[in-house]
Amino acid sequence: MAKFGEGDKRWIVEERPDGTNVHNWHWVEKDCLEWSKKMLSLLLEDIAIMSGEGNLWIRTTKVEKVDGEAYVNIRKGKIIPGYEISVRVLWEGEAKDAQGGTLAKVSGRVELPYIADENAGAGEDPDININVNDNGPVGVRLREAFLSKGKPIILEKVRHYVDLMASGGPAKEELQSKTPPKSTKAAPTVDKHSSLKPAVREGFKTITLTERFNCRAGDIYDILMDDNRWKGFSQSNAKISREVGGSFSLFDGAITGVNQELQQGKLIVQKWRFSNWIDGHYSTVDCSVNKTSECESYS
């Protein structure tokens, strides 16, 4: 073991003089609560829930409060969102008779007491409560209409917020600004009569790994192609198509790609890319599962 101060400099991570966090390698946490308040206001305010259907008019008016905490952690370019917030939205409604006369005007609140990343990871929608300040027949009718027509709309807006947090929230633009720009160099011209050898793509490598597991080949294949199992062992969101040409998303969207070839229990060929890679750049991942006399070999 080397003494302190005598280590090989090739393996020592040092602070850059300019303070740059190269490729977002170091842990960074960004507070997203104020951004969440603004985003949820944009998403949930002034929504027309009903515009005359059954002589009812219902509209959200204002996001009255957003309490709790919301943040995004970034480590090695991976986005890790975290949030536990409660939201209150004000709404108003009006019921008219057949001649267009106003029967009653009411106001109320939409309460979302717990929107959290743990529920989003499990694919669960948050609880939603609709309250009205008038418990008379017209007020109850408007509340029930909001539950029927408005609840799905509100939940869809909340899902959009969850997707924005999963992609980095306010840190997304910062991540994109640190992505290396695309090369603008012109492609070199080659004389078709020259005897030059075909160019070798620099920076591209082939990596081969082989692991052994004491299980059936089909089990390994199913684990790699199953959303819920990915979520279980990675503790992150995953969406995986089991069709050739279908797309997939792993580790909260940090890795995305497309299935190129699938052979049940034998072969998975996919195009992978990290979210911080330059557009159009992919890595081909070939996962072949071979049965041996002792165990399964996965490479």
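When reading the values below, keep in mind they use all heavy atoms of this one structure, side chains included, and skip hydrogens, waters and symmetry mates.
Salt bridge absent: Lys62 and Glu64 never bring a charged side-chain N and a carboxylate O closer than 4.0 Å. At a threshold of 4.0 Å, the pair Asp67-Arg88 does not count as salt-bridged, since none of the basic side-chain nitrogens sits closer than that to a carboxylate oxygen.
Scored by the side-chain contact (heavy atoms from CB on, under 4.5 Å) test, Asp134 finds Val106 as partners (sequence neighbours excluded). Among residues two or more places apart in sequence or in another chain, the ring pair (Phe, Tyr, Trp, His ring centres under 6.0 Å) test is passed with Phe274 by Trp277.
Considering all non-hydrogen atoms of both residues, Ala104 and Val138 come closest at CB-CG1, 3.6 Å. In plain terms, the two heavy atoms of His281 and Arg273 that are nearest each other are O-NH1, 2.8 Å. Summarising the geometry of Leu142 relative to Gly93, their closest heavy-atom pair is CD1-C, 4.0 Å, with the distance given to 0.1 Å. Between Ala238 and Leu250, the shortest heavy-atom contact is CB-CD2, 4.2 Å. Pairing each heavy atom of Asp127 with each of Pro113, the nearest pair is O-CD, 3.6 Å. When all heavy atoms of Pro81 and Ala166 are compared, the closest pair comes out as CG-CA, 4.0 Å.
The distance from the CD1 atom of Ile79 to the OG atom of Ser236 is 12.5 Å, given to the nearest 0.5 Å. From Arg229, atom CZ reaches atom CG of Asp222 across 5.5 Å, with rounding to the nearest 0.5 Å. Note that OG of Ser288 and NZ of Lys266 are 12.0 Å apart. Values are rounded to the nearest 0.5 Å. Of the inter-residue distances, the one linking Met225 atom CE with Gln270 atom CD reads 5.5 Å to the nearest 0.5 angstrom. Within the model, atoms CD of Gln260 and CD1 of Ile268 stand 13.0 Å from one another, a figure rounded to the nearest 0.5 Å. Note that CD1 of Ile115 and CG of Leu155 are 9.0 Å apart. Values are rounded to the nearest 0.5 Å.
Residues Leu267 and Val285 fall into different hydrophobic clusters, defined by Ile, Leu, Val, Met, Phe, Trp and Tyr side chains chained together at heavy-atom separations under 4.5 Å. Neither Trp57 nor Ile154 shares a network with the other; the hydrophobic side chains, linked directly or stepwise wherever heavy atoms of I, L, V, M, F, W or Y lie under 4.5 Å apart, form separate groups for each. Linking ILVMFWY side-chain heavy atoms closer than 4.5 Å, directly or via other members, places Val89 and Leu33 in a single hydrophobic cluster. In terms of hydrophobic clustering, with Ile, Leu, Val, Met, Phe, Trp and Tyr side chains grouped at heavy-atom distances under 4.5 Å, Leu42 and Ile49 are assigned to different clusters. Linking Ile, Leu, Val, Met, Phe, Trp and Tyr whenever their side-chain heavy atoms come within less than 4.5 Å leaves Tyr71 and Leu164 in two separate clusters.
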Side chain to side chain donor-acceptor pair (under 3.5 Å) between Thr60 and Glu45: does it pass, once the steps are laid out?
-> CA-CA 6 Å; Thr60 63; Glu45 288 184 354; over 6 Å; no
Test log, rule side-chain contact (heavy atoms from CB on, under 4.5 Å), inputs Trp272 and Thr284 = CA-CA 6 Å; Trp272 283 40; Thr284 299; over 6 Å; no
Residue pair Val72, Ile80: steps toward the side-chain contact (heavy atoms from CB on, under 4.5 Å) verdict = CA-CA 6 Å; Val72 169; Ile80 309 170; over 6 Å; no
For side-chain contact (heavy atoms from CB on, under 4.5 Å), just list the numbers for Thr61 and Asp46, CA-CA rounded to whole Å, side-chain angles, deciding distance to a tenth of an Å, and then say yes or no.
-> CA-CA 5 Å; Thr61 58; Asp46 199 29; over 6 Å; no
Walk me through it: do Ser86 and Tyr114 pass the test side chain to side chain donor-acceptor pair (under 3.5 Å)?
-> CA-CA 5 Å; Ser86 62; Tyr114 190 66; over 6 Å; no
Candidate pair Trp35 and Met165, rule side-chain contact (heavy atoms from CB on, under 4.5 Å), full reasoning = CA-CA 10 Å; Trp35 175 88; Met165 284 292 290; 3.6 Å; yes
Side chain to side chain donor-acceptor pair (under 3.5 Å) assessment of Ser107 paired with Asn133 = CA-CA 6 Å; Ser107 60; Asn133 64 354; 2.7 Å; yes
Give the intermediate values and the outcome of salt bridge (charged side-chain N to carboxylate O under 4.0 Å, His left out) for residues Arg159 and Glu156.
-> CA-CA 5 Å; Arg159 292 188 201 108; Glu156 182 61 32; 2.8 Å; yes
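Although no hydrogens or angles enter the test, the distance criterion places a donor-acceptor pair under 3.5 Å between the side chain of Asp117 and the main chain of Tyr83. With Asn259 contributing its side chain and Glu261 its backbone, the two residues share no donor-acceptor pair below 3.5 Å. Checking side-chain atoms of Ser241 against main-chain N and O of Glu243 turns up a donor-acceptor pair under 3.5 Å. A donor-acceptor pair is defined here as one N or O able to donate and one able to accept, closer than 3.5 Å; such a pair exists between the side chain of Glu53 and the backbone of Ser51.
Tested against Ser249, the residues Ile255, Thr256, Asn237 include a single side-chain contact (heavy atoms from CB on, under 4.5 Å) partner, Thr256. The only member of Asn131, Leu90, Ile130, Val63 that meets side-chain contact (heavy atoms from CB on, under 4.5 Å) when paired with Val110 is Ile130.
Around NZ of Lys37, the count of heavy atoms belonging to other residues, nucleotides or ligands within 6.0 Å exceeds 12. Within a 6.0 Å radius of NZ in Lys96, other residues, nucleotides and ligands contribute more than 12 heavy atoms.
Side chains of Ile223 and Asp226 form no contact here, defined as non-hydrogen atoms less than 4.5 Å apart. Between Leu224 and Ile240, the closest side-chain pair of non-hydrogen atoms is not below 4.5 Å. Taking the side chain as every heavy atom from C-beta outward, Lys271 and Ser283 never approach each other to under 4.5 Å. Residues Leu44 and Val87 meet the side-chain proximity criterion, which asks for heavy atoms closer than 4.5 Å. A 4.5 Å side-chain heavy-atom check between Leu112 and Val158 finds at least one atom pair inside the cut-off.
For the residue pair Ser36/Tyr161, the side-chain donor-acceptor check at 3.5 Å is satisfied.
Classified by interplanar angle (parallel below 30°, tilted 30° to 60°, perpendicular above 60°), the ring pair Phe146/Trp91 is tilted.
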